[in-house]
Asker: 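The structure that follows is given in the form of structure tokens.
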Amino acid sequence: MISVILCAAGKGERAGFSENKVLRELNGLPVLSYSLSAFSAVADEILVACRAEDEARISALLAPFPNARTVIGGAFRTQSVYFALHEAKGDLVLVHDAARPSVTKKIIDDCIACVRKYGSGVCALPATDTTVLVRDGRIVSVPARKDVFAVQTPQGFMRDDLLRAYDRAFEEEREEEFTDDSGVYAAYIAPPHIFRGDRANKKLTYSEDFSPAERVGFGVDTHAFGEGDHIVLGGIRIPHTRGLVAHSDGDVLVHALMDSLLSAAGLRDIGYYFPDTDDRFAGADSMALLAEVMRLVREQGLAPKNVSLSILAQRPRLAPHIEAMRRSLSAALSLPLSAVGIAAGTNEKLGYVGEEKGITCFATVLLEIVRSM
Ligand code: MG
């Protein structure tokens, strides 16, 4: 029989939240719900160690999981696990931080297999940075990197062994010393075995861990035809019998793109940054304005991942110019060519586009958060 203890008694202080971070939503679901779902497939019972003030809200989340129940935790992680361990009925116990919602079925299966084989199974990742021991602000020891691992959860043990280790730790009043179960087990039972974890199984600690990693943006622009002998789209000059009426060079494609970028970044629109009442922007090269928009977007710690653009124009025929536009925009956005998609179509002679009165462009962009604010 397998018991799972989910540690959910934190306060979210490091994240700067007024509430327990496992109750916060991540992509539409409370953080705790992810580990409940992941472990419910293998667990005979799930004990959620929580604070008394969170119990009502946590109990509500347990409704879809009939084998899960709450246990009121203590002031320290070790106390919470200890209380839950006393209630656990399984011969095998897995302890997991509820703030690690990305735990996978493979990690859980590997943990159980490791406990069955060696009596213990601690999720660990090889260190990627050099790790050193520091005392009084000075490095006193540099272990070989190949010997250093970062310890995650789940951590699995035979229940009786772990309970014996915890009993000893509490008898000796060392409960505040240990930050996880592997430490308690190592101190009183044996050096625990590790199994390879997954980089994705990280602990949500700071508020930026909860922000979506990507942001979508959408932009539209329309310009009317007027006098002229060419139009400019995506920074490419295209000969035509007419031009586009504009304060700037009338690059309607780049205008839609700029608005999508600004919108995804939560900034104002191009009319705000480049007002057409300002003579500085008379006849402006829209590609130069795009460079300025990219600077604003980067200032927000964001960078485009891909853009998808659509042009509605009855005439001129744009197919021969699409590749040049893609190259021009991929350079301006620092994106590979494959991340810049441009479609062009007529409007079947319908409406202002079909009557060759103007051109409309649509832009969608996906920004990724490269640096948290
Ligand atoms: Mg415009």
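Both counts, for ligands and for their atoms, begin at 1 and track the order of listing.
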Asker: Distance alone, cut at 3.5 Å: any donor-acceptor contact between the side chains of Asn347 and Gln314?
Answerer: no

Asker: Can you see whether His255 engages Asp221 through a side-chain donor-acceptor pair at a distance of less than 3.5 angstrom?
Answerer: yes

Asker: Could you measure the distance from the NE2 atom of His321 to the CZ atom of Arg237? Nearest 0.5 Å is fine.
Answerer: 12.0 Å

Asker: Looking at Asp229 and Arg242, does any basic side-chain N land under 4.0 Å from a carboxylate oxygen?
Answerer: no

Asker: Between Ser120 and His193, is there a side-chain donor-acceptor contact under 3.5 Å, judged purely by atom types and distance?
Answerer: no

Asker: Salt bridge or not between Arg57 and Asp54? Use side-chain N to carboxylate O under 4.0 Å.
Answerer: no

Asker: Ignoring waters, how many protein N/O/S atoms are under 2.8 Å from the Mg ion (ligand 1)?
Answerer: 3

